[in-house]
Undergrad: 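Okay, handing you the structure first.
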Amino acid sequence: MTEVLTNSGLQLVLLLLVAPMLSGMIKTLKARLQTRRGPGVLQSYRDIIKLLRKGMVIPETASWIFSATPYLVFGTATLVGLMIPMTTTHAPFSLFGGVLAVVYLLALGRFFLALGGLDTGSSFGGLGSSREMTISAIAEPAMMLAIFTVALGANSTNLSEMAKVAVGQSWRFLAPSQMLAFAALFIVLIAETGRIPVDNPATHLELTMIHEAMVLEYSGPYLALIEWGASIKQLVLMTLLVNTFFPFGLSPDWTVRAVGVGLVFYLAKLLLLACLIVLVETTNAKLRLFRVPELLMVAFILGALALISTFLF
Amino acid sequence: MSTIPVVATFVLGVATYAIGAGASIATWRRPVLARYICCGAALAGAALGGLVAVLGILHGTPVRWSVPSGIPLFAYSFSYDALAGFFNLILAILTIAVSIYSFGYLKEFEGRRNIGFFGFLFHLLLLSLTIVFTADNAFLFLIAWEVMALASYGLVAFYHEQRESRQAGLLYLIMAHADVGCLLLGFALLIQGSGSAEFASFHTAAAHLSSTRQSAAFVLFFLGFGIKAGVIPFHIWLPAAHPVAPSNMSALLSGIVIKTGIYGMTRIFLDSLGGVPSWAGLAVLIVGVVSAVLGVLYALMEHDLKRLLAYHSIENIGIILMGLGAALIFRVAGHPLLAGIALIAAMFHTLNHAIFKCLLFLGAGSVLHSTGTRNMEEMGGLIRPMPVTAFCFLIGAVAISGLPPLNGFVSEWLTYQSLLAGFGAISGLRRILFPLAGSMLALTGALAAACFVKAFAITFLALPRGVQSRNAHEAPRTMLIGMGWLTLACAALGLGVTWFLPVFDAMTEQLLGQRVVANLITGSGFVLSAGTPRGGTVSTAIITVGLLVLALPATLLVSRATRRFGRKHGPVWDCGLPGLSEENEYTATAFSKALRMIFSVLYKPRREIQAVFDISPYFPKEIRFESEIEPTFEKRLYAPLQEFIFRVSSRMRTIQAGSIHAYLAYIFVTLVLLLLFGVRK
């Protein structure tokens with residue numbers, strides 16, 4: 001019991017601290033690649049602190065759903081973070097929810113975020129909610145197929161079990177089924193975290209945005225919670241990707257040395273994945289909304305191929 | 001344990017419904033009294049029904065009793081086993097909610113509608129449902145089934161002055177008789193094999209059926225029960241019939257009456273038929289997947305709140321069939337443990353869907369009661385005048401979307417787990433179907449979430465879009481209590497699932513010969529497990545506690561900031577555009593526009609925009625917009641069928657010329673043929 005609590009505490013601190021840094025890192029890398037200086041790695045922290053030190057304006061038309069949403073978005077993202085192995089194979093909450101709980105808890109946060117977007121009666125909020133729910137619905141089967149491919153290999157939907165099996169076969173990612181599943185999940189990651197070519201996190205042009213349109217009416221501490229939650233969600237999804245496919249550096253126990261080594265490996269892997277995301281973002285233009293389903297269909301087919309190729313190889 | 005308490009309570013409960021039916025119709029001239037009798041007797045009967053369900057489940061072994069009738073093949077035989085007890089438990093939970101709700105709901109009927117007749121139909125429905133779930137004789141079952149269909153017809157067509165209700169009622173009646181026809185033939189096959197109409201005799205007889213007959217019996221029963229459950233493509237009556245009934249009855253029709261189809265399939269396929277052909281499970285699984293995905297896709301296009309809910313019933317029946325199909329496959333393949341888990345997933349989802357669909361229909365009924373419209377486009381902002389209804393509806397919406405920590409999530413989680421286990425347990429290429437079905441379940445869940453964001457937000461949030469929703473008022477207290485009871489059930493079954501699951505032990509032992517629940521519970525009773533040694537685990541209770549604990553520091557942060565830096569209410573910013581009105585709001589049609597475009601192959605949407613202008617089309621005075629989707633099944637499948645039937649009937653008219661001599665000749669010829677047939681045998 002105490003072990004679960006201390007591990008959860010450690011992982012919680014890691015989640016809350018690494019998530020904004022990762023967002024800042026991606027922004028900076030992207031700026032460098034576009035020969036700009038960029039805001040610096042620490043900008044996301046400064047944003048959150050700034051927002052926490054501001055007053056709030058609540059739209060007159062909004063109900064209690066609008067105020068409950070930030071807590072749910074933040075709560076689900078952090079809770080999910082405790083179910084995912086980060087530096088060791090053992091996630092503190094892995095007994096209480098596996099990969100299905102992760103996907104559905106994130107869906108719970110999204111459900112309320114979409115309600116929050118519609119709650120104010122603003123047409124931009126409705127637009128964002130409609131698009132977010134549409135895109136996530138189409139991304140879901142691709143995501144599940146890719147996850148199932150890995151889960152069937154490990155015979156478990158428990159993330160710690162999946163990580164343990166992955167550690168046993170470090171070079172498994174070279175198998176065609178794993179590569180296909182990784183590609184599918186990578187596309188889903190792009191869609192779920194609202195990045196180019198699906199959504200543009202940097203824009204405030206009303207007609208092109210999805211996530212930003214939903215949170216348009218939020219301000220101050222509520223906005224801080226939502227942004228923080230969104231960056232944690234991004235970290236969680238990226239962790240899912242790096243630790244299930246590339247389990248290097250994951251050790252089975254929570255000793256200081258193991259966690260230290262694990263942390264170094266973990267951060268390095270995240271950095272590499274961030275570089276990949278930045279490359280994709282910089283070399284692609286944002287897709288028209290009705291082109292996005294085609295991209296997600298590609299992901300679905302990759303997932304299906306991954307599943308089928310587990311038979312062959 | 002003695003069987004007397006079970007039998008006595010059961011008889012008492014059935015008698016209460018019978019007395020309720022009689023007393024309601026006897027007092028039809030005194031509406032207030034009729035209302036109290038109708039709802040009070042239903043509540044009493046449901047309490048007794050719940051008690052007998054608990055007694056029956058605790059009793060462990062099936063309780064059987066039979067009263068001979070003197071007619072060959074027909075006897076008043078009943079069997080109260082775990083399966084019957086479980087479905088009676090669902091019936092009792094829903095009836096308690098609906099009868100309390102009806103105290104307030106039926107008030108507006110006073111002086112306008114015949115409450116006595118309504119009560120008669122209501123009690124007749126409850127009575128026939130109780131007997132359907134306990135009958136142990138094929139003919140008793142069919143009689144109860146038919147009474148149930150007729151009572152449902154009366155309730156669907158209750159607002160008979162409206163053309164829509166009459167048409168829906170007629171369609172319902174036709175489909176209900178198509179399903180009875182299939183069941184009659186199916187039972188005829190079994191009775192021919194066993195020489196008796198008792199369910200207990202089928203089990204041994206079915207084992208000796210030839211494989212063709214077994215397949216024929218399976219197809220007939222699947223058609224018969226599938227029509228009643230509303231699986232695609234036999235669903236067309238469901239979205240027509242359920243919305244036009246009074247809302248408290250829509251709740252019962254979608255909550256439990258369509259579940260009789262699921263009950264029938266479970267009873268016949270897993271119990272009476274003994275073994276089903278090996279392809280049967282795959283057929284059920286595939287029909288389930290199709291129903292789930294298409295059901296939710298059609299639901300998304302609805303802006304009639306009750307029709308939307310009706311389409312979701314089709315979707316959830318699909319999810320239940322996925323579990324049931326998996327159970328059949330595992331059973332044939334010789335994996336009783338996995339079959340048990342899949343069966344529990346299906347049965348638990350049956351219970352959960354009954355509860356949240358009943359809750360949602362009651363919520364929709366409150367909205368309809370208060371605003372007088374089913375059209376979501378005229379609603380909006382109802383969370384302010386109707387806070388309790390809104391909260392109950394929100395809980396129902398979260399539950400039906402399969403989101404944690406409520407009950408819908410748990411049963412979908414179990415369904416996922418049994419599908420994933422199928423991949424490892426089944427050999428050959430067909431096992432690829434399991435993860436594919438799982439991904440379609442994911443699609444269904446995500447689309448359902450999108451649909452309920454729409455349903456809840458357009459109905460309850462933002463600004464009112466019509467006059468009625470501006471003058472809305474909260475529902476009477478009894479209606480709120482009815483909904484509150486089901487809301488509580490959603491939460492309790494979600495968080496306390498591990499304490500509820502042992503109910504299924506007797507059922508799996510009886511149907512599959514194995515207790516499986518012990519495999520599903522770990523972690524000192526708090527954690528639900530997938531049943532395999534290293535498989536997945538989840539704990540909704542701890543997820544809830546975790547969410548609360550993690551949200552706590554966030555609330556502290558926010559309240560500290562609010563205290564220091566203030567919090568004020570202002571107009572909606574909306575990117576700086578002033579003067580927001582309800583005309584700028586997103587509508588239900590707008591919300592689903594993206595999905596309508598993406599799935600346009602299926603929907604074949606048609607839209608028409610007409611601009612009325614004086615000088616130039618660029619300065620229109622008024623714009624008319626029309627949008628609809630093609631009702632594919634009605635147009636491509638049922639319209640040709642109807643045309644064919646009409647053509648055949650017009651041919652057959654020649655033998656029905658109105659001459660009594662000809663008719664007498666027909667009767668004579670038939671008699672001679674039957675005699676010849678009888679002698680030959």
Side-chain angles (χ1 to χ4, degrees), chain A residues 52-61 63 65 71 74-76 78-79 95-98 100-101 104-105 107-108 111 114-115 118-124 126-127 129-131 133-134 136-137 140-141 144-145 148 151-152 155-158 161 206 216-217 220-221 225 289-290 293 307-308, chain B residues 383-384 401-404 409 413 416 420 423-424 432 435 438-440 442-443 446-447 449-450 453 456-457 461-463 523 527 534-539 542-543 546-547 550-551 554-555 557-558 561-562 565-575 580 584-586 590-591 594-595 597-598:
Chain A
L52 282 174
R53 298 170 58 83
K54 282 196 177 285
M56 268 195 291
V57 184
I58 311 278
E60 285 151 351
T61 46
S63 66
I65 303 275
Y71 301 112
F74 182 78
T76 49
T78 32
L79 183 61
L95 181 65
F96 309 131
L100 292 171
Y104 274 83
L105 273 169
L108 179 69
F111 185 88
L115 286 184
L118 280 156
D119 194 15
T120 59
S122 133
S123 29
F124 291 120
L127 179 147
S129 302
S130 161
R131 291 178 177 180
M133 294 313 284
T134 304
S136 66
E140 201 91 337
M144 280 296 183
L145 268 187
F148 287 165
L152 290 172
N155 241 331
S156 176
T157 56
N158 186 315
E161 289 291 340
E206 298 87 352
L216 207 55
E217 300 295 332
L225 283 184
L289 184 67
F290 291 110
L307 198 63
I308 291 168
Chain B
I383 195 169
R384 272 172 288 275
S401 305
L403 297 174
F409 169 72
W413 188 87
Y416 275 119
L420 284 179
F423 186 80
I432 201 95
S439 75
M440 287 300 113
L443 178 66
L447 288 173
V453 164
F456 181 76
L461 300 182
L463 298 169
V527 179
R534 291 183 307 121
T537 49
V538 76
S539 169
I542 293 186
I543 283 178
L547 273 179
L550 288 170
T555 49
L557 267 181
V558 173
T562 335
F565 307 105
R567 165 194 168 120
K568 62 179 180 188
H569 289 265
V572 180
W573 178 56
D574 210 15
C575 275
L580 172 86
N584 303 95
E585 276 173 14
Y586 245 54
F591 187 87
L595 282 162
M597 301 275 286
I598 292 168

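Every chain is numbered from 1 and lettered A, B, ... according to where its sequence line falls, protein lines coming before strand lines.
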Undergrad: So which of B/Pro571, B/Ala446, B/Ser439 has the largest heavy-atom pair count under 4.5 angstrom toward chain A?
TA: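 Ranked by contacts with chain A, first place is B/Ser439.
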Undergrad: CG/A/Leu118 to OH/B/Tyr586 distance, rounded to the nearest 0.5 angstrom?
TA: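 OH of B/Tyr586 is found 9.0 Å from CG of A/Leu118.
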Undergrad: Any idea which of A/Glu140, A/Glu161, A/Met56, A/Met144 has the most non-hydrogen atom pairs under 4.5 angstrom with chain B?
TA: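 Maximum pair count with chain B is reached by A/Met56.
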Undergrad: Rounded to the nearest 0.5 Å, what's the gap from OH on B/Tyr416 to CZ on A/Phe148? Could you check?
TA: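 Here the rounded value is 5.5 Å.
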Undergrad: Between B/Ser539 and A/Leu95, is the side-chain contact (heavy atoms from CB on, under 4.5 Å) condition met? List the steps.
TA: CA-CA 8 Å; B/Ser539 169; A/Leu95 181 65; over 6 Å; no
Undergrad: Between B/Gly536, B/Ala590, B/Ser401, B/Ala551, which shows the greatest number of heavy-atom pairs under 4.5 Å with chain A?
TA: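 Result: the option with the highest number of such pairs is B/Gly536.
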Undergrad: Has the side chain of A/Arg53 got a donor or acceptor atom that lies under 3.5 Å from a matching backbone atom of B/Phe565?
TA: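 Pair absent, no side-chain N/O of A/Arg53 close to backbone of B/Phe565.
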Undergrad: Below 4.5 Å, heavy-atom pairs only: which of B/Gly424, B/Ala457, B/Pro435 has the largest tally toward chain A?
TA: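 Of B/Gly424, B/Ala457, B/Pro435, B/Pro435 has the most heavy-atom pairs under 4.5 Å with chain A.
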Undergrad: Out of A/Pro59, A/Gly98, A/Ser123, return the one with the most heavy atom pairs under 4.5 angstrom to chain B.
TA: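 The answer is A/Ser123.
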Undergrad: Under 4.5 Å, counting heavy-atom pairs only, tell me which of A/Asn158, A/Leu115, A/Asn155, A/Leu289 racks up the most with chain B.
TA: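 Going by pairs under 4.5 Å, I would pick A/Leu115.
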Undergrad: Heavy-atom distance under 4.5 Å between the side chains of B/Trp573 and A/Val57, does that happen here?
TA: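 Answer no - side chains too far apart.
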Undergrad: Measure A/Phe290 against the heavy atoms of chain B and call it side chain, backbone, both or neither at under 4.5 Å.
TA: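 Side chain of A/Phe290 only, per the 4.5 Å heavy-atom cut-off to chain B.
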Undergrad: For the atom pair CD1 (B/Ile543) and CG (A/Leu108), what is the distance rounded to the nearest 0.5 Å?
TA: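 Those atoms lie 9.5 Å apart.
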Undergrad: So, taking the atom named CD1 in A/Ile65 and the one named CG in B/Leu461, what distance separates them when rounded to the nearest 0.5 Å?
TA: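 So the CD1 of A/Ile65 and the CG of B/Leu461 are separated by 5.5 Å.
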Undergrad: Drop me the distance from A/Thr134's OG1 to B/Met597's CE, to the nearest 0.5 angstrom.
TA: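 Atom-to-atom, A/Thr134:OG1 and B/Met597:CE are 11.5 Å apart.
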Undergrad: Check whether B/Val572 gets within reach of chain A through its side chain, its backbone, both or neither, counting any heavy atom under 4.5 Å.
TA: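 The answer is both parts of B/Val572.
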Undergrad: Can you name the nearest heavy-atom pair linking B/Phe409 to A/Leu100, along with the distance?
TA: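 It is CE1-O, 4.4 Å.
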Undergrad: Which one of A/Leu105, A/Thr76, A/Thr120 has the most heavy-atom pairs closer than 4.5 Å to chain B?
TA: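 Max contact count across the listed options: A/Leu105.
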Undergrad: Can you tell which of B/Gly438, B/Ala462, B/Ala561 has the highest number of heavy-atom pairs within less than 4.5 Å of chain A?
TA: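 The answer is B/Ala462.
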Undergrad: Picking from A/Ser136, A/Ala114, A/Pro141, which has the most non-hydrogen pairs under 4.5 angstrom with chain B?
TA: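 Counting heavy-atom pairs under 4.5 Å, the top option is A/Pro141.
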Undergrad: Tell me, side chain or backbone of B/Phe591 under 4.5 Å from chain A's heavy atoms, or both, or neither?
TA: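 When you check distances to chain A, atoms from both the backbone and side chain of B/Phe591 fall under 4.5 Å.
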Undergrad: If you compare all heavy atoms of B/Glu585 against all heavy atoms of A/Gly121, which two are closest, and at what distance to 0.1 Å?
TA: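 Residues B/Glu585 and A/Gly121, closest heavy atoms: CG-O, 3.4 Å.
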Undergrad: Name the member of B/Thr555, B/Thr562, B/Asn584 that forms the most heavy-atom pairs with chain A at distances under 4.5 Å.
TA: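 That would be B/Thr555.
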Undergrad: Select one option (side chain, backbone, both, neither) describing which atoms of B/Leu447 are under 4.5 Å from chain A's heavy atoms.
TA: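 Both parts, backbone and side chain.
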Undergrad: Start with the C-alpha gap between A/Phe74 and B/Leu550, add the side-chain angles, then the distance that decides, and say whether side-chain contact (heavy atoms from CB on, under 4.5 Å) holds.
TA: CA-CA 8 Å; A/Phe74 182 78; B/Leu550 288 170; 5.7 Å; no
Undergrad: Supply the atom-to-atom distance A/Leu307 CG to B/Ile432 CD1, rounded to the nearest 0.5 angstrom.
TA: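 Between A/Leu307 CG and B/Ile432 CD1, I get 4.0 Å after rounding to 0.5 Å.
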Undergrad: Given a strict heavy-atom distance threshold of 4.5 Å, which part of A/Leu52 is in contact with chain B: side chain, backbone, both, or neither?
TA: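 Interface part for A/Leu52: both.
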Undergrad: Tell me which of these, B/Leu557, B/Val538, B/Leu595, has more heavy-atom pairs under 4.5 Å with chain A than the rest.
TA: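 When all of B/Leu557, B/Val538, B/Leu595 are compared, B/Val538 has the most.
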Undergrad: So which heavy atom on A/Leu79 is nearest to which on B/Gly546, and how close?
TA: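 Answer, listing the atom of A/Leu79 first, then B/Gly546: CD1-CA, 4.1 Å.
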